[in-house]
Structures are given as structure tokens and as C-alpha cells.
Amino acid sequence: MSLVIDLRCLQDETYQKRDIGQHALNLLRHAPEPVTGIIDPALPPLPKDIAALTAELSPHAYIPGARLFLNPCPFGPNQAALSRLLTAPGVTKAACVYDFTPFDDQAAHLTDSAARLDYFTAMAWLKRYNMLLPISAATETRQRQLFGNRPSTVTGMAQSGQWQAASGEKVAAKAYAALLPKPALARGAKPRIAMLTPMPPEKTGIAKYSAACITELAKLAELEVFSGSAVSTLPYADGKYDAVLSVIGNSPLHERIYDNTLRWGSAALCHDARLMGLLHPRAAALASAELKREVTEQEIGTWTADESRREACFLGELAAAARPLIFHTRHSVALVRERFGITARYLPFAMQRQFSPMDKRAARAALGIPPEQKLVVSFGFLTPGKGIPEALAALLPLKGRMDIKLVFAGEDAAPDANFELLARELGVDDAVRIGTGFVPEAQYRLWLAAADAGLQLRAGQPGNISAALQDCIGAGLPTVASADLAENLSAPAYVKRVADVPNPAEIATALEEVLTPPANTEDQCRAYSAAHSMTVYAAKLLELLVP
């Protein structure tokens, strides 16, 4: 069994030094297996000698693999924080019961609305426990009057260093012997998964990726997807799900999912190597905590303008809350381990699309591309961090040696950068098309079929993923790409690597190499697509979610 104990009462001195705290400490000391302890980060830290008795501490109740939950203080504040464990059908839940004095003498003990709400909420949650552990026969009698003939075992308890009925070891042994853990899943049943993520028609690569993942994951699990206004605390707190997966990206679109992950816990699939865009309102404070020095708002502005100068990754909060935290790059796994001491998990990025052979001539004709022209296509939103100025400069030596056209197929997300003006200044405006606007799926496939080569660059820090580059790989298209992007996707040999700091001369040489002569990519493409299929990905993801 996997044992979880609520230790919040040992963070509060009013409980810690009283009988309740002594009883809780005794149960912790004599636990039959390593314990995961639940704490509240808003309370004073757990004393070091008590923390040392646990295998790990969790700031929430999302604990994969939990089979047995013991609450030594079920009438303490904020019992709703435990709701995921208390509603989980596969977790055996036990609560120590001391007395019902506040209920029996409400005038003396429940003197304000807040106290009454806390107490009666705790009374309601007590019905969720499989086993009650009263400390005395008298308590058990009153418990049965209030809750009926529920399973219970009288244990005795500790009082200020001496035992009321038996030694501490015997009291703990009685409690643990009464608990029989149950399997989390019925044999042969599919696991139940809640997934919180943006979905189409949101114009984000993560929404498209999630949609592709859901198609395969739904074959393996009972899957419920929450998106947009449906994102709330309820899926996180509902124990009917064997796992909850939060999909996190670097934009405000993920704010509610991120906040709920921190509060309630979940597995988290993080698509980005940094979360500065998502957490920008708190960026300076978070960076200061991560780097252990003061980071000013001015410095944050500098990082925003030039990603290559960014020092913080802003992943610390998520790393502490996620169970587990999953990345698509080994770089991010290593960074989180080094910077925050957290072991994240690596899951290779999967193919979102399968590409059937298309007639190249027909595709070029449909797009108005002359048969003899060398067509290079770069896919995705146009932003300053994608090496566009260097790509334009690389065209200058190439256009003197061949009839070439570079098309940026996607929306211009940085009109202030004025890439068209730069193209004119460089004298390559006749050889480039800056942005096509949003590219529908059918047209996207036409560009992939028509192209002679792809170009996917990314300036800035390592740890990035490019779904567009993987589409080029899946279409068997020889491509020039930044080394970091290529390595993070384990790209095959027909992807030519160039330096992560874009260099026009190097880009020009690499493009010329992939354009002449044309490469036979069919065998490598087939092998890569099979190894990185979404079917394989979904199965590996489920293994991480339901250990």
C-alpha cells in the first residue's frame, strides 16, 4: 500500500502540543511503510525532526499511487483541501475521531459563522471515510448516534507523553491493522483521466497537439476533457479520476489551469522551457526567488525583448506542485533537476499528423509556384525569435545562383518588426513572401507537398520544440533547422543542423546543400514516423499518469 497522512495539524502549534498532535505524531512514527505527508505551504514549516519521518511532503492532495489515507485531525481547518483523496474510490480513507464536543455544545464552541461553517463542513466530509478510528468506546457510541453503524476500531490515544490505554506502538498497530487498502482500479477497467487543456478553435499549437493526443488517449482511458470556461477546480478535487493532467504553455491562455495545478496538484505536461509569458505579472518576484538575487522589472523587460538574455525559466512553482511534471525535452528535465531539485519526466514529442503522398506538381500548380523554382517554406507564426532577419540575409547569395523563393507560411505576429521593409533593404523582396495569413489544414499540406526544403529557425535559449519542424520530418521534406530544435526532436539525417545563434552564411550553405541534389528520405521518414507516432506517445503518457 501507499500511505498518505495529513500532517497539517503538526504545523500548527495549537494542535502540535495538544493530545491531537501527540496522537498524530505517534501514528507517523509507527507507520508500517514510508509516508507521504500533506502540508500547507501557508502554515509554518513542519519541524525538521517531524519532516524527517516522511519519505516526501506534498503541498496538496494530488498524490499518484495513493492507496491509504489517514487523517489524524479531521476537524481541522480546510478539510475541502483533501477532497481529491476523500472522493477517490480506490483510496481507503481513515480518520481519527476524538470527540464531538463542539457539536454537542455549539453555544460554547461554535460562536461565529466561520467556526460553524468549518465544523459542519468537516462533519459532512467525515461521511466520506471508509474507517473511523475513535479514541474511546464513549466516542464510538456518540459517533454511531450521529453517523450510524459505520466501520470503526477503538484505538486509544497518546496524552502528553503517556499512553491512556496502551503503548504508542500498540495504538498505532490497532489503527493500521484496521485498514485494508483497495486497488485503485478494478482489474481490466480503463483508468479515468481528466485532461485540462486549450482546444481548437484556439489558434495555438498546443490546442492542436492536445486534440491529436486526445484521439489516441481516449482509446486507452475513460477520458474527460475540460477546456475554456469548463476549466474549474472540480476536476482537480474529484477523486473519481485516477489521474488529472494539466496541459501548460507559455501564454495567459493557460492561467486558470496553472493556478488550479498549484492549488490542488495534478500531473502537468509542460510544452515550454520557460513560463515568462504566462507568469509575466509576477515575473520579477519569481525570477528573484529562482536565481537567489534581486531581479528588477527593467531586467524582465530586457529578457522579454531579447530571449537570449533571459536567465530564469519560471518553472519552480510548477515543479513543486506537479505529480509528475512532464517535458518534451531532456534539457528541461535536466534544468528542473539542477535548479529546483525536482525529478521531472521526459516524453518524446509525437507526430500530430500522418502524411499521405501528394503529387508535387499538382501542389505547386495549386499554389502558383513555377515548376523550375526552388521553393523553401518556413511554417508558423512570424516572430522576432525565429531568425527571420538572418534567413532573409541568407537569400542574397542564393538568389544569385538559383531561382529561389522563400515563403513564410503563417500569420505575422510581429508587424512592428517590419520584415517586408528589411527584405527590400536587403534586396531580396522579389525572392520572399512574408506571411500568408492563417493557413488552413488543406493549404498547410499543399505547402509541405510543394516545397523543395523547409526552414525552421529558433533564436534564444535551448529547450524548444517545433511542431512545424516535426511536420517537415513527417512529410519527408529536407529541412534546415536550428540544432536545438532538431536535437529535441531526435531529427533524422535529412534535417540539416545550423547554429542556434542564426548566421546568414551558414544558413545559405545549409539550404544549398539540402536543395541540391534532392535527398531520398522515404525510409528514414517511415522509421521516424513509426517511432514517434501519437499512438506510442499516448501509451507512454498513460504509464506516467497512472503508475
Side-chain angles (χ1 to χ4, degrees), residues 1 3-10 12 14-16 18-28 30-31 38 61 67-89 91-111 115-160 162-182 239:
M1 60 183 176
L3 176 60
V4 179
I5 302 180
D6 183 5
L7 299 181
R8 293 177 297 164
C9 63
L10 293 175
D12 187 336
T14 60
Y15 284 107
Q16 186 188 126
R18 288 166 48 191
D19 295 342
I20 290 176
Q22 293 302 308
H23 192 53
L25 185 55
N26 176 65
L27 293 171
L28 176 60
H30 294 97
I38 294 177
R67 298 292 179 267
L68 176 61
F69 171 57
L70 178 59
N71 189 346
C73 187
F75 287 100
N78 193 17
Q79 293 300 303
L82 307 171
S83 56
R84 177 174 168 80
L85 288 170
L86 297 181
T87 57
V91 177
T92 299
K93 299 163 276 285
C96 302
V97 184
Y98 304 93
D99 58 50
F100 295 94
T101 301
F103 179 82
D104 293 330
D105 189 0
Q106 296 179 32
H109 295 276
L110 305 179
T111 56
R116 287 194 296 274
L117 179 61
D118 262 356
Y119 190 83
F120 286 111
T121 299
M123 287 277 282
W125 281 117
L126 203 63
K127 297 176 183 178
R128 290 281 186 170
Y129 289 86
N130 309 105
M131 170 68 65
L132 299 179
L133 303 173
I135 63 166
S136 67
T139 298
E140 185 179 48
T141 298
R142 184 63 176 128
Q143 166 191 297
R144 286 175 175 167
Q145 292 170 351
L146 294 170
F147 293 95
N149 193 23
R150 301 177 63 79
S152 67
T153 296
V154 177
T155 63
M157 86 171 266
Q159 269 193 346
S160 302
Q162 62 183 6
W163 294 109
Q164 192 175 39
S167 72
E169 189 173 356
K170 284 185 177 180
V171 168
K174 272 189 178 182
Y176 290 115
L179 309 178
L180 296 173
K182 301 174 183 177

Could you tell me whether a side-chain N or O of [X] sits under 3.5 Å from a main-chain N or O of [Y], the two making a donor and an acceptor?
X      : Y      : answer
Arg67  : Val4   : no
Asn26  : Gly168 : yes
Thr87  : Ser83  : yes
His23  : Asp19  : no
Arg150 : Tyr129 : yes
Thr111 : Ala107 : no

Q: I would like to know whether Leu3 and Phe69 meet side chain to side chain contact (heavy atoms under 4.5 Å, CB included); could you show each step before the answer?
A: CA-CA 6 Å; Leu3 176 60; Phe69 171 57; over 6 Å; no

Separation between [atom1] of [X] and [atom2] of [Y], rounded to the nearest 0.5 Å:
X      : Y      : atom1 : atom2 : answer
Gln143 : Ser136 : CD    : OG    : 9.5 Å
Gln22  : Leu10  : CD    : CG    : 8.5 Å
Gln16  : Cys73  : CD    : SG    : 12.5 Å
Thr101 : Gln106 : OG1   : CD    : 12.0 Å
Leu7   : Asp12  : CG    : CG    : 13.0 Å
Lys174 : Leu27  : NZ    : CG    : 13.0 Å

If you take all heavy atoms of [X] and [Y], which pair is closest and at what distance?
X      : Y      : value
Leu126 : Phe100 : CD2-CE2, 4.3 Å
Glu140 : Thr153 : OE2-N, 4.5 Å
Asn149 : Arg144 : OD1-NE, 3.4 Å

Q: Could you tell me whether the side chains of Gln79 and Asn71 share a donor-acceptor contact shorter than 3.5 Å?
A: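 Their side chains do contain a donor-acceptor pair, which is all the 3.5 Å distance test asks for.
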
Considering only heavy atoms from C-beta outward, does the side chain of [X] approach that of [Y] to under 4.5 Å?
X     : Y     : value
Leu82 : Ile38 : yes
Pro72 : Cys9  : yes
Lys93 : Leu86 : yes

Q.
Tell me every residue that passes side chain to side chain donor-acceptor pair (under 3.5 Å) with Asn78, counting only those two or more places apart in sequence or in another chain.
A.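 Result, side chain to side chain donor-acceptor pair (under 3.5 Å) vs Asn78: none returned.
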
Q) Can you check side chain to side chain contact (heavy atoms under 4.5 Å, CB included) on Leu133 and Leu70, steps first, answer last? A) CA-CA 10 Å; Leu133 303 173; Leu70 178 59; 3.9 Å; yes

Q: With sequence neighbours left out, write down each residue that passes ring pair (Phe, Tyr, Trp, His ring centres under 6.0 Å) with Tyr15, or none if nothing qualifies.
A: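 Per chain and number, Tyr15 pairs via ring pair (Phe, Tyr, Trp, His ring centres under 6.0 Å) with no residue.
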
Q.
Quick one, Phe75 with Phe103, criterion side chain to side chain contact (heavy atoms under 4.5 Å, CB included). Give me CA distance, side-chain angles, the key distance, then yes/no.
A. CA-CA 11 Å; Phe75 287 100; Phe103 179 82; over 6 Å; no

Q.
Could you go through Ile20 and Tyr98, starting from their C-alpha distance and side-chain angles, then the distance that decides it, and tell me whether this counts as side chain to side chain contact (heavy atoms under 4.5 Å, CB included)?
A. CA-CA 8 Å; Ile20 290 176; Tyr98 304 93; 3.9 Å; yes

Q | Partner set under salt bridge (Lys or Arg N to Asp or Glu O under 4.0 Å) for Arg8, not counting sequence neighbours | A |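 For Arg8, the residues satisfying salt bridge (Lys or Arg N to Asp or Glu O under 4.0 Å) (neighbours in sequence not counted) are Asp6.
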
